[in-house]
Amino acid sequence: MTAGAPSDVAALLSGPVLEVAPRLLGLRLRTAIGGEATEVMLAEVEAYAGEHDPASHAFRGRTRRNGSMFGPPGTLYVYRSYGLHWCMNIVTGVEGVPHAVLLRGGVPLDGEPTMVTRRGRRDHIADGPGKLTQALGVSGELDGSSVLDGPVVLLPGEPSPETTILATPRIGVTKATDRPWRFVLAQRH
DNA sequence: ACGAGGATGCTCT
DNA sequence: GAGCATCCTCGTC
């Protein structure tokens, strides 16, 4: 089979969340929403390990909000943050085990004018989890959809050779703050 | 560049 | 009723 085929993405997502998360960096996330195509390269993610992770929305099991985290790998978990913003995760591993990767930031690759319009500004288009969903047109309606299918699609890609992967503690969490489960692409120097 | 503070609504206890 | 997996604006340096 051809390198970079969608099935490679499916195989990747079925792995352990701590292995999957850094390997999502450099992949492309493309949306076709409201008649507009937009695309970013993923540049910042965080791993959340469900029942083993006090910072995870699924630490205490299934609730009304987190149901899609228990879906098959590739399922999108979209939730509202601070009453204002949408944030999205990609479910990983095995169906029924609520492990997921929070998508925290990306670099615009296509449809930038659309993203600028959605964001209402020219800078800081997708460098934050709420900004990323807004730029790509993602909202709660897409909770439970699959990135193997759409309208949000995960596509193959590679980080620039100029970049390296950094692991740091996760942002904005108040529990398990010692775990370096945030992964970012940073410029090599 | 960086930090403080407010907006805002939903979920779960 | 508390607590958020955040973003923006406006201050200061």
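Keep in mind that the numbers below use all heavy atoms, side chains included, and drop hydrogens, waters and symmetry copies. To find a chain, count down the sequence lines: A is the first, B the second, and so on, and within it residues start at 1.
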Phosphate OP1/OP2 of C:dC4: any A:T174 side-chain N/O under 4.0 Å
yes

A:L84 has its side chain closest, among B:dA7, C:dC7, C:dT6, to B:dA7

Whole-Å distance, A:R62 CZ to B:dT13 P, equals 15 Å

- Is the centre of the A:H57 ring less than 6.0 Å from the centre of the A:Y79 ring? yes

Whole-Å distance, A:R60 CZ to C:dA2 C1', equals 13 Å

Taking a pair to mean Watson-Crick or G-U wobble geometry with both distances below 3.5 Å, B:dT8 pairs with none

Report task. Give one of base, sugar-phosphate or nothing for A:H57, where a contact means two heavy atoms less than 4.0 Å apart. Result -> base

Taking 4.0 Å as the cut-off, does a side-chain nitrogen or oxygen of A:H85 come that near to OP1 or OP2 on C:dC7? no

Return the stacking result for C:dA5 and A:Y48: yes when the ring centres lie under 5.5 Å apart and the planes under 30°, no otherwise. yes

Return no unless some side-chain N or O of A:R121 is found under 4.0 Å from OP1 or OP2 of C:dC7. no

From CZ of A:F59 across to C1' of C:dA5 the rounded distance in Å is 15 Å

A:Y79 atom OH is separated from C:dA5 atom C1', nearest whole Å, by 3 Å

note: A:E46, atom CD; C:dT6, atom C1'; distance rounded to Å ~ 12 Å

Whole-Å distance, A:R104 CZ to C:dC7 C1', equals 11 Å

Within-4.5 Å side-chain heavy-atom neighbours: A:R104 and A:C87: no

Using the side chain to side chain contact (heavy atoms under 4.5 Å, CB included) rule, take A:W86 and A:V138 through it: C-alpha gap first, then chi angles, then the decisive distance, then the call. CA-CA 8 Å; A:W86 295 105; A:V138 172; 5.7 Å; no

Within 6.0 angstrom of A:R188 CZ, more than 12 heavy atoms from elsewhere
yes

When rounded to whole Å, the CG to P distance for the pair A:N66 and C:dA5 reads 12 Å

Looking only at B:dT11, C:dC7, C:dT6, the nucleotide nearest the A:R65 side chain is B:dT11

CZ of A:R121: more than 12 outside heavy atoms within 6.0 angstrom?
yes

Walking DNA chain C from its 5' end, the first of A:Q134 and A:M88 to be reached, judged by nearest nucleotide, is A:M88

Does a nitrogen or oxygen in the side chain of A:R119 sit under 4.0 Å from OP1 or OP2 of C:dC7? no

To the nearest angstrom, the CD1-P distance between A:I171 and C:dC4 comes to 15 Å

ask   = Is A:R80 near enough to C:dG3 that one of its side-chain N or O atoms lies under 4.0 angstrom from OP1 or OP2?
value = no

DNA chain C nearest-nucleotide lookup for A:G83 and A:D127: closer to the 5′ end is A:G83

